[in-house]
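Presented below is the structure to which this report refers.
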Amino acid sequence: MTEHTTIETRLAALTRSAPEGVLDTVMRKTDLADEYTVIDGPTGPAYVAWNGRGITAFVPTEAVGSRDDFESRHPRQASFVDTPPDRLAKHLDHTIETGRLGSLPVDLSSIGEFQRMVLEKCSEIPPGEIRPYGWIAREIGNPGAVRAVGTALGRNPVPVLIPCHRVVRTDGRIGNYAYGTPMKRSLLEHEGLDPEAIEAQARHGIHLVGSDTTGIYCYPTCRHAKRITDAHRVEFRSETAAEDADYRPCKACRPAA
Amino acid sequence: MTTDLDRLTNRLAVDRDGAFPDLVTTLQDGVFSGVLQFTRNRQDAEDVTQETFVRVYRALGGYDEDRIRELQLRPWVWTIALNLCRNRARTIKRHPETALVDDRLDHTTDTAEEAAANADLLVWRRRLAGLTGPQRTAVVLHHVVGLPYTEIAESTGRSESTTRSDARRGLAGLRTMIEEETP
C-alpha cells in the first residue's frame, strides 16, 4: 500500500455517526414534532400538545385513553414532557380558568381559511353564553354555510380552549359534540348554564328575549339578556317577530345582521 | 439512473413534511462528519448539523414542487452547512471570549478504542487546519464525507477542475506534514 492510499484511507476513517438527538431536535425546531403533557381541564384531566407556533391539540383524557392512544391519533410525532413551557403555561392556566382564549397561541397553520375563520369567530363567544351555528355563518359573511360551520367546529383541534361547545343548533337543541353530547352539556353546566332549561325554552318557541325598557332583543344567554327582570322581559320566536315589535338587535350578542 | 437521493428529492417535492425526516437520517452522518472538521468541538458540530437541517426545512418551505425536484439535494445541503460553519468561525474570531471552551472533540469517550479514535480525530483536525480553506473543504468533503468532485464544486461554487486540484494539493500538504512529524 502506498502512502498516498494510506492518507485517503485514514481520512475516510474519520467519518462519525451523528449524535442520536439530531433528528428529534430538528423535528421539534421545525415544528414537525410536538410535545404534550396532561393538565387539569375544566371538567377533568386533558392531553394538551404544542409546537413552536402554539397549542396543537386539546383532548380530555377520558375521550382518548392512554398516552399511546393519544400519540397514535395525534397527527404528528408527539413526545411526552412533564410540564408545558413557560411561554404557554401562564396563558393556558388563564384560558382554563376564565374560559376565554385570551393571548394563548393556537397553531392553526395547517387549517384552511374557512375553518380558521369559523374557529376565530367561535373563540369570541364569552363563557356562559351560547350561539347558534347560523350565527357564526352570518358573522363570517357566509350565511348559507351553516352545515359547513358545523363540520368546521367538529374538527376543532383544540376543543374547550376554542369553545365549540358554546355553539348549538338553530332550533335550540344543544346538538352534537366531537366528544359526545354529555361532555358538551357538562362543559356548559360548568359555565353556569342549564342545558335542560335552554332546550325546554326552545321547545316552547322562545329563541330571543327583549327588554321593554330598552327595546333591545338578545340571545337568551347574552350577558345583557340575563339582566332583564321578569317584569320587563319580552320573548320572541324569531328575529322577524322582534323587528315587527320595533325592537332592535343587541350590539353585544348580535342576534341579527 | 435513479438513486436513493433522487427518489428522496421526488418525495420531498410532493410530501415535504413526510419525507423530511428521511432527508435528515440519510444525510446527517455525512454532514456531521464533515462539520466536525470545520468546527471547534463535538458540541459545535452537533449544533451546526441541527441548524443545517432546520434551515434546509425552512428553505424547502419557500420552494414549489418543480424547484424542489430540480434540487441537487446533497450539494445544496452542503452549501447551507458550509455557510453555517463559516459564520460560526467568524463569530468566534470576533468574540474571542466565546472561544474559551475545551477544544477536545469529545468528552464522553467511554472505551479505549473510542479514546484512540478521538485522539486520531484531533491529530487530523490539526493537520487539516494547516491547509488553505478551499483545500481543507475539498479534502474533507471528498475524502471524509465521500462527496464526488462535481457535488463539491456545486456546493462551493468553484469549478470542478479547481476543486480537484484543491483536493490534490491538500493531500500533498497533508503528506508533507506527516513526513515532517516523523523525522
Side-chain angles (χ1 to χ4, degrees), chain A residues 1-36 49-57 71-81 85 87 106-113 115-116 155 157, chain B residues 16-18 20-25 27-37 42-43 45-58 60-61 105-106 108 114 117-118 120-125 127-128 139-140 142-146 167-168 170-175 177-179:
Chain A
M1 206 187 272
T2 67
E3 201 180 341
H4 182 76
T5 351
T6 311
I7 288 185
E8 289 176 339
T9 319
R10 289 171 71 187
L11 283 169
L14 297 179
T15 48
R16 295 289 182 273
S17 298
E20 242 170 58
V22 169
L23 180 63
D24 279 354
T25 308
V26 170
M27 293 292 277
R28 269 202 307 278
K29 286 190 173 173
T30 52
D31 295 334
L32 288 172
D34 294 359
E35 290 180 336
Y36 77 102
W50 60 87
N51 60 22
R53 286 188 286 263
I55 305 291
T56 56
E71 286 175 25
S72 66
R73 62 174 271 170
H74 192 65
R76 282 171 304 280
Q77 187 189 315
S79 39
F80 184 85
V81 294
R87 70 188 159 87
V106 175
D107 177 19
L108 299 178
S109 60
S110 54
I111 280 169
E113 183 59 26
Q115 194 186 3
R116 178 164 40 237
R155 295 190 188 138
Chain B
R16 181 183 57 142
D17 290 0
F20 180 72
D22 289 341
L23 177 145
V24 177
T25 48
L27 297 182
Q28 63 174 354
D29 290 348
V31 170
F32 180 71
S33 299
V35 164
L36 204 45
Q37 302 297 334
R42 197 178 159 87
Q43 186 55 54
E46 183 171 345
D47 289 351
V48 169
T49 304
Q50 281 164 359
E51 187 59 19
T52 298
F53 289 111
V54 171
R55 301 231 177 165
V56 162
Y57 180 79
R58 291 197 188 128
L60 285 172
L105 283 170
D106 194 350
T108 57
E114 280 174 40
N118 199 32
D120 195 40
L121 209 56
L122 278 170
V123 168
W124 279 99
R125 213 170 60 113
R127 288 174 186 150
L128 286 160
V139 168
V140 169
H142 187 73
H143 294 288
V144 180
V145 182
R168 201 164 43 238
L171 278 192
L174 290 173
R175 208 171 299 128
M177 283 180 221
I178 292 167
E179 279 160 15

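Here is how names work: the chains are called A, B, and so on, in the same order as the sequence lines, proteins then strands, and each is numbered from 1.
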Look up atom CG in A:Leu14 and atom NE2 in B:His143, then write down how far apart they are to the nearest 0.5 Å.
11.5 Å
Please round to the nearest 0.5 Å and tell me the distance separating atom OG1 of A:Thr30 and atom CD of B:Gln50.
11.0 Å
Going through the distances and angles, do B:Tyr57 and A:Val26 end up as a side-chain contact (heavy atoms from CB on, under 4.5 Å)?
CA-CA 9 Å; B:Tyr57 180 79; A:Val26 170; 5.9 Å; no
Shortest non-hydrogen contact between B:Asn118 and A:Arg16, atoms and distance:
N-NH2, 4.5 Å
Beyond-backbone contact of A:Pro19 with B:Phe32, side-chain heavy atoms, under 4.5 angstrom:
yes
Looking only at heavy atoms, what is the nearest atom pair of B:Leu171 and A:Ile7, with distance?
CD2-CG2, 3.7 Å
Approximate separation, where rounding is to 0.5 Å, of B:Glu51 CD and A:Thr25 OG1:
11.5 Å
Is it true that atom CZ of A:Arg155 has more than 12 heavy atoms of other residues, nucleotides or ligands lying nearer than 6.0 Å?
no
Between A:Ala33, A:Ala13, A:Ser17, which has the largest tally of heavy atom pairs under 4.5 Å with chain B?
A:Ser17
Which portion of A:Leu32 sits near chain B, non-hydrogen atoms under 4.5 angstrom
side chain
To the nearest 0.5 Å, atom CZ of A:Arg10 lies from atom CG of B:Leu174 at 10.0 Å
Select one option (side chain, backbone, both, neither) describing which atoms of B:Arg16 are under 4.5 Å from chain A's heavy atoms.
neither
For a side chain to side chain contact (heavy atoms under 4.5 Å, CB included) with A:Val22, tell me which candidate from B:Asp29, B:Thr25, B:Thr49 qualifies.
B:Thr49
Between CZ of B:Phe53 and CE of A:Met27, what distance do you get to the nearest 0.5 Å?
12.5 Å
Gap between atom CZ of B:Arg55 and atom NZ of A:Lys29 - 0.5 Å precision
10.5 Å
